[in-house]
Amino acid sequence: MTGSADNIVVFEGVQKSYDGETLVVKDLNLDVDRGEFLTMLGPSGSGKTTVLMMLAGFEVPTHGQILLNGTPINNTPPHKRGIGMVFQNYALFPHMTVGENLAFPLEVRKMGKAEIEDRVNKALDMVRLGGFANRRPAQLSGGQQQRVAVARALVFEPELVLMDEPLGALDKNLREEMQYEIKHIHENLGVSMVYVTHDQSEALTMSNRVAVFEDGVIQQLAPPDVLYEQPDNAFVAGFIGENNKLYGKIVSEDDVNCKVELEGGGGTVAAMKVNASGVGTRTTLSMRPERVTINPEGNASENTCSAKVEELIYLGDHIRTRVSVSGNSDFIVKIPNSHGHVILQEGTEVTIGWQTDDCRALDAPNV
Amino acid sequence: MAIATDSSQPLTTADGTPLRQSLRRAERLNKLRAFGLVAPLFLFILVFFVFPIAKLASVSVDNSIVPEILTNTVEAIQDWDGTDLPPEPVWKAMAADLVEGKKNRNIAKVGKRLNFEKPGFRRLLIKSARKADKLEAPYKESLIKANKKWADPEFWRVLQRESGDYTFSYILRAVDMTYSEEGSVTMVDDKNAVYLDIFGRTLFISAQVTLTCLLLGFPIAYLLSTLPAKTGNMLMIFVLLPFWISLLVRTTAWIVLLQDQGVINSALIGIGVINEPLELIRNRVGVVVAMTHILLPFMILPLYSVMKGINPSLMRAAKSMGANPAIAFWRVYTPLTVPGIGAGGLLVFIISIGYYITPALVGGPKDIMASQLIDIQMNQQLNWNMASAIGVVLLAITLVLFAIYNRLVGIDRMKMG
Ligand SMILES: Nc1ncnc2c1ncn2[C@@H]1O[C@H](COP(=O)(O)OP(=O)(O)OP(=O)(O)O)[C@@H](O)[C@H]1O
Ligand SMILES: [Mg+2]
């Protein structure tokens, strides 16, 4: 599990408890590649900030160790780690101007005046805030403050930058704009970034790899497309993107696939065996709404099932159709608004179909 | 839309009244309500604060007693050019005033007033008034015969100077100034100079107390603001506890602690650290210790409220940028506490300047503060004018300090809670 030279950060069996009773982080093993944009994604309270704070040095791991560039840093105080950090509420110094804020990390490194000015100006230009050096943080908009915070974390050229939900306070448009900006800065500078968010689209847009956290454990660590298309377990499938769930029991299996008898009386269907095995085991079948077709022609779908249309919502590019299948009345199908698409009425009986590869048999909660 | 964009016509509301007018009408009600809420306090301050201060200021320059009792002389002496001795009409007027004053038994009053300007004036007036009935023209010779001090032009010059309804003598004296024989303003000679010394000492003691309060209060406020709410509130009660105990009790408690046979000295002698009791009371140490104890909450509370509002991630941010904890504290945390230091410092300093009970009880003769001077003038010297004048000077010092503070820190940046 020890990382190679390409790993800027390695977590080795890290555990963290605040109160001595519960583990907030449980046995974390994680390598961050040099130059990588790694996002920690997870619901509130899953321990993301705690992991980041341990890396930055503001919290001490209860067990295990963290390596930075191959050296253990458990006993290195934060100011000697040389890690840039962007805080959720920006943490700009209100009594200093934007320029002074940016100069601060350079001044404590005892740089010359001329060099400081040069670097500050460059950093401000990078975040397109050229003329703002003499303003106070309070005189900036939320988005501008955010950019100053990013510039300040980068101005002393750290190898590693941590960001804890830096865009949480911004409105949707600005957030998307900033996502691209941060992504471009990352590409241009080649720094390694560890980014925390609970917004899945943000994670998918920006990252090279995403670590999905739940309850102090990494559920899956993978690039965004893999995470979406090949979720390892029911939590990841449900957390990333829209997902349909059907419960059932495995009645037969081979090396790759299995046959599952649906619990609501929907018959028996085939699925890819991903995170469930053994005849008689309960399983969650996971399907993306866009991979399900309504009234498939002939043998176009490997699996079919009857369903009843409950609700139709017109969304322009597609029609969101809620059907009830095998006792699940929250099954969503997306009908693309293409030429000659099927016209449905609420309350009609239809058939839905899907390919075996698009249906993943995952772990199921015990009943 | 069309109406709103047409700039040549004033904007109107839907029913056609000008927008400005209806806005004013809408706001008038708000203003009235605001005034209604403030009115009781406003009246209170007017009656019990502004009015007494105005009264204080007027008493400190009040001289009405002279023109009231020496009516004739005051009128006659206006024409005198101040050289040699006044002309005969002035002497005549004085004789008349003495007769009148003897009859009304108020010559001693004006005598006391003028004695403040020139020692001996009281005796001169009282003695002359006794012989007032025997005075006759020419009054000059007659008065000088009655008391030869009348030949000293100094008495007449003082009388001429102090003949108006107002006088600045008290206020001048309160800053150790007086009139010279020629009538110009000069400093009093060193052996009579007391007030500036005591004002200076008052400011110095106040500064010492403020500084000690800051040094002791800052760490406590910091601790309180960083503790979890439950423990923090508990400790806060201890900070506020002194407020619930009478000032007098707390001060006497310090006497019990600090006196020669007090708890501290007995303990130190008991464990053999010292042989003779330390002098802890009736001197500066006692005053500063006791005042610091009493004023500490006034420093802690504003500091606490400011510190509570400082975002803890600022310190983390500073450290993440490579600042060691000391630098982070000094360059990021401390500047943000300045509004609290300012508010607490100003509060403690200004309360200290006017402090009375504590220095009176635990201080020695070398620790007399300005308020005690006021007490002495009022209760021992029975000179209310002088007491008021000292009060006015104290008020002026306070206002100047306020102005300086406003210049340096800004009143608007002060934060009390
Ligand atoms: N200083 C602390 N003392 C005690 N418990 C803490 C502390 N900080 C966090 N926790 C607990 O640890 C758990 C994980 O918290 P953490 O802040 O890491 O979550 P998070 O994933 O960052 O959540 P969010 O998305 O809401 O920021 C939570 O249950 C929280 O209550
Ligand atoms: Mg968090």
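Nothing here was measured: the structure is a model prediction, and the numbers come from that model. Residue numbering restarts at 1 for every chain, and letters A, B, ... go by the order of the sequence lines.
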Problem - Most chain B-contacting option - heavy-atom pairs closer than 4.5 Å, from Pro77(A), Pro78(A), Gly57(A), Ala91(A) - result: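 Among the listed options, the one with the most contacts to chain B is Ala91(A).
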
Handout entry: Which of His95(A), Met85(A), Glu107(A) touches chain B most, by non-hydrogen pairs under 4.5 Å
Key =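 Answer, by heavy-atom pair count under 4.5 Å with chain B: His95(A).
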
Practice task
Give the minimum heavy-atom separation between Gln145(A) and Tyr90(A), together with the two atoms involved.
Solution key: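 Distance-wise, the nearest heavy atoms are OE1-CD1, 3.4 Å.
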
Handout entry: Test item: Phe11(A) and Val14(A) side chains (from C-beta on) under 4.5 Å apart, heavy atoms
Key =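 Answer yes - side chains close enough.
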
Practice task
Measure the shortest side-chain to side-chain distance between Pro228(B) and Thr231(B) over non-hydrogen atoms and say whether it is less than 4.5 angstrom.
Solution key: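 They are in contact (side-chain heavy atoms under 4.5 Å apart), so the answer is yes.
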
At a heavy-atom separation under 4.5 Å, does [X] approach chain B through its side chain, its backbone, both, or neither?
X	answer
Gln88(A)	neither
Arg109(A)	side chain
Phe58(A)	both
Leu162(A)	neither

Handout entry: Ser141(A) backbone acceptor or donor facing Gln144(A) side chain under 3.5 Å
Key =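 Side chain of Gln144(A) to backbone of Ser141(A), a donor-acceptor pair under 3.5 Å: yes, one is there.
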
Problem - Side chain Thr334(B), main chain Phe329(B), donor-acceptor under 3.5 Å - result: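 Yes.
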
Problem - Heavy-atom contact with chain A under 4.5 Å, split by part of Asn311(B) - result: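 Only the side chain of Asn311(B) comes within 4.5 Å of chain A.
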
Practice task
Can you sort out the partners of Phe243(B) under side chain to side chain contact (heavy atoms under 4.5 Å, CB included), two or more places apart, ordered by chain and number?
Solution key: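 For Phe243(B), the residues satisfying side chain to side chain contact (heavy atoms under 4.5 Å, CB included) (neighbours in sequence not counted) are Leu240(B), Pro297(B), Phe298(B), Leu301(B).
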
